[in-house]
*Asks:* 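Structure in structure tokens, see below.
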Amino acid sequence: MAKPSLKNESKIAQAVRHSFTLTDNETGQSWEFPTLHGTIGPKVIDTRKLYSQTGVFTYDPGFASTASCTSDITYIDGDAGVLLHRGYAIDDLAKNTDYTDVCYLLLHGELPSPENKLEFDAEINQHTMLHEQLARFYSGFMRSAHPMAIMVGVVGALSAFYHDSTDITDPMQRMRAAHRLIAKMPTIGAYAYKYSLGQPFPQPSNKLTYSENLLRLMFSVPTTDYEINPVLARAMNQILILHADHEQNASTSTVRLAGSSAANPFACVAAGIASLWGPAHGGANEAVLNMLTEISTKDRIDKYIKKAQDPDDKFRLMGFGHRVYKNYDPRAEVLRNTCHEVLDELGIHDPTLDLAMELERIALSNDYFKEKRLYPNVDFYSGIILRALNFPTNMFTVLFAIGRTVGWIAHWKEMMESSESRIGRPRQLYTGSTKREFTSVANREHTDRKISWSWLWGGKKNGS
Ligand code: ACO
């Protein structure tokens, strides 16, 4: 990859006296591998020289036991249900700060001083508008297009417009790209929604906070003044903060992998949006509401709990389980309270919330969920809040993408500044044919190929 400037020195502490020994039971040969220590969290075996020294790879589909990089940004202790950004607990941030504070924190490593904050907010505000030609892109999409399809296209297209922020070797340009992405995402997302309705595109307002501006872009119409409801703006602010970063999840790893080949940041974030779209990741809150609609009444919960446990049934309890959290997701905890606040403010009695709370209660006391340590994740309550705020379900993942953009770009920037970054290139355990003779088309036998989706739901279908 191109050599980024301003590389940081490695911060990993290597424990020379502590190592792991790998022994080949066939030959009796042994190798020592050092352990590396971060500031907190489990130690890591340094296998960078594994192949060159031993001639073997590790096999770790889904990277459940593999650290792909070092990072100073976010720490998760999934067993304890802890999430820290630059050392600050997520619930402290969600309750006490605003989203641009968290953006500054993730990008720069510290919370902003009052002067830093003024300067940062002013910088973000400078970039909130969309180029007129970019706004015309929307008319090329079907009105019925999923807004995430539009997001992938429009965010990718930013690299065709902002040539003064695509030189990834220039730290100033990297920062400008970061600010542009954070600033433009609410406008890009809101326009996808406005386009689906056939309503005019409003201009962003720099007098408002980030979350107020987002709500106004989504819901204002030129014929009426849009009144900001502070309770709803606070809920929006919390949702954005709670989605801002989550270390090396699928979409962030996608951004890092795309960036490792020296692709520009707009293209990398478009790749992240594509990865986020799937129902196993960012699409889950939409799936939670669909599932609650399908369950519909409390007396049907048991049936769905049984379905979720049945190895021959593909159904999973959406909004439950997490690759890292084997405890209550701390973000779900915050959102459960916010959910009540929002519904109280709006005077809504939403039977879906009652259903969700009952489902949570039953699942948490069920042996299958207890044994597999499946707890509600961030998506379990966010859908109910977003629906109360009036967002259609297909916009839920868009809001996740808006909040997560700062995390993606902070990781991309960190990678560009790290002395250890290399092009991402996993290896594989080859299970295909060994070398065989070529056969001409006339001599080939017909084969009936069936597609298997079992990878999506892990072992639940036992490989079917
Ligand atoms: N309902 C029922 N069973 C489940 C669930 C669930 N929600 N989640 C996991 N399991 C079971 C699996 O069937 C598997 O059982 P097995 O050991 O008998 O094979 C076991 O628990 C482990 O599951 P894996 O799929 O191996 O766990 P993984 O870490 O790969 O998956 C994931 C995590 C994708 C989040 C999973 O829990 C899931 O599909 N949850 C529902 C979708 C969801 O809510 N996604 C949002 C995640 S949070 C986010 O992206 C912001």
Side-chain angles (χ1 to χ4, degrees), residues 60-66 74 76 78-79 81 83 90 148 239-255 272-292 294-295 301-335 356 359-360 362-364 366-386 396-404 407-408 453-464:
D60 184 19
F63 309 115
S65 303
T66 300
T74 290
I76 303 174
D79 290 320
L83 168 60
I90 188 65
M148 285 297 275
I239 287 180
L240 291 173
I241 292 176
L242 293 172
H243 287 88
D245 189 45
H246 212 227
E247 53 118 303
Q248 312 308 323
N249 54 83
S251 57
T252 304
S253 297
T254 303
V255 170
I273 294 171
S275 166
L276 185 74
W277 192 357
H281 191 8
N285 53 8
E286 188 175 339
V288 169
L289 273 193
N290 294 339
M291 173 190 76
L292 291 172
E294 190 183 320
I295 298 176
I301 290 177
D302 277 345
K303 176 181 157 194
Y304 283 86
I305 293 277
K306 284 197 186 93
K307 270 165 78 64
Q309 298 172 55
D310 179 354
D312 294 322
D313 190 328
K314 279 196 174 134
F315 175 78
R316 280 189 172 197
L317 218 51
M318 299 313 286
F320 262 77
H322 196 276
R323 170 60 61 80
V324 181
Y325 292 117
K326 302 301 167 198
N327 202 325
Y328 212 98
D329 180 339
R331 301 167 300 171
E333 198 106 48
V334 176
L335 280 186
L359 180 61
E360 178 190 332
I362 294 176
L364 289 179
N366 178 283
D367 285 345
Y368 173 90
F369 287 85
K370 279 202 258 185
E371 266 162 35
K372 297 199 183 294
R373 303 176 74 191
L374 301 168
Y375 291 84
N377 59 47
V378 67
D379 291 311
F380 194 66
Y381 285 105
S382 64
I384 301 174
I385 303 177
L386 292 175
F396 292 180
T397 322
V398 171
L399 294 161
F400 191 158
I402 294 172
R404 182 55 57 86
W408 290 330
W453 296 104
S454 60
W455 61 271
L456 182 58
W457 303 127
K460 187 146 183 285
K461 284 286 286 175
N462 293 332
S464 65

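Both ligands and their constituent atoms are indexed starting at 1 by order of listing.
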*Asks:* So between His243, His246, Arg323, whose heavy atom ends up nearest atom 29 (O) of ligand 1?
*Replies:*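 Comparing heavy atoms across His243, His246, Arg323, the nearest one to atom 29 (O) of ligand 1 lies in Arg323.
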
*Asks:* Under 4.0 Å from a heavy atom of Asp379: which atoms of ligand 1 are those, numbered in the order shown and with their elements?
*Replies:*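 The list of qualifying atoms is 46 (C), 48 (S), 49 (C), 51 (C).
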
*Asks:* Show me which atoms of ligand 1 lie under 4.0 Å from any heavy atom of Phe400.
*Replies:*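 Atoms satisfying the 4.0 Å criterion: 51 (C).
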
*Asks:* For ligand 1, which atoms have a heavy atom of Gly319 less than 4.0 angstrom away?
*Replies:*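 Numbered from 1, ligand 1 contributes 43 (C), 44 (O).
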
*Asks:* Judged by non-hydrogen atoms, does Phe380 sit under 4.0 Å from ligand 1?
*Replies:*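 Contact check Phe380 vs ligand 1: negative.
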
*Asks:* Less than 4.0 Å is my threshold; does some heavy atom of Gly62 fall inside it relative to ligand 1?
*Replies:*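 No, Gly62 has no heavy atom closer than 4.0 Å to ligand 1.
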
*Asks:* Are any of the N or O atoms of Asn377 closer than 3.5 Å to those of ligand 1?
*Replies:*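 Yes, since at least one N or O of Asn377 sits under 3.5 Å from an N or O of ligand 1.
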
*Asks:* Which of the numbered atoms in ligand 1 are below 4.0 angstrom from a heavy atom of Tyr368?
*Replies:*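 Going through ligand 1 atom by atom, the ones under 4.0 Å from Tyr368 are 2 (C), 3 (N), 4 (C), 11 (C), 13 (O).
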
*Asks:* I'd like to know if Arg373 pairs up with Asp79 as an ion pair, taking the criterion as any Lys NZ or Arg NE/NH1/NH2 lying under 4.0 Å from an Asp or Glu carboxylate oxygen.
*Replies:*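 Yes, charged N to carboxylate O under 4.0 Å.
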
*Asks:* Check each of His281, Arg373, Lys372, Lys307 against atom 20 (C) of ligand 1 and report the one with the nearest heavy atom.
*Replies:*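 The option holding the nearest heavy atom is Lys372.
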
*Asks:* If hydrogens are left out, which of Asp310, Leu374, Asp329 has an atom nearest to atom 9 (C) of ligand 1, that is, the closest non-hydrogen atom?
*Replies:*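 Considering heavy atoms of Asp310, Leu374, Asp329, the nearest to atom 9 (C) of ligand 1 sits in Leu374.
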
*Asks:* Go through ligand 1 atom by atom and flag the ones less than 4.0 Å from a non-hydrogen atom of Ala284.
*Replies:*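 Ligand 1 atoms under the 4.0 Å threshold to Ala284: 43 (C), 44 (O), 45 (N), 46 (C).
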
*Asks:* Check this for me - ligand 1, Met318, N or O atoms closer than 3.5 angstrom, yes or no?
*Replies:*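 The answer is no, given that Met318 and ligand 1 share no N or O pair closer than 3.5 Å.
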
*Asks:* Can you list the ligand 1 atoms lying under 4.0 Å from a non-hydrogen atom of Val378?
*Replies:*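 Here the atoms of ligand 1 in question are 51 (C).
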
*Asks:* Examine the side chains of Glu360 and Tyr328 and answer whether a donor and an acceptor come within less than 3.5 Å of each other.
*Replies:*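 Side-chain D/A pair, Glu360 to Tyr328: present.
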
*Asks:* Say whether His281 and Ser251, considering side chains only, have a donor N or O and an acceptor N or O under 3.5 Å apart.
*Replies:*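 Checked: His281/Ser251 side chains pair up, N/O donor to acceptor below 3.5 Å.
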
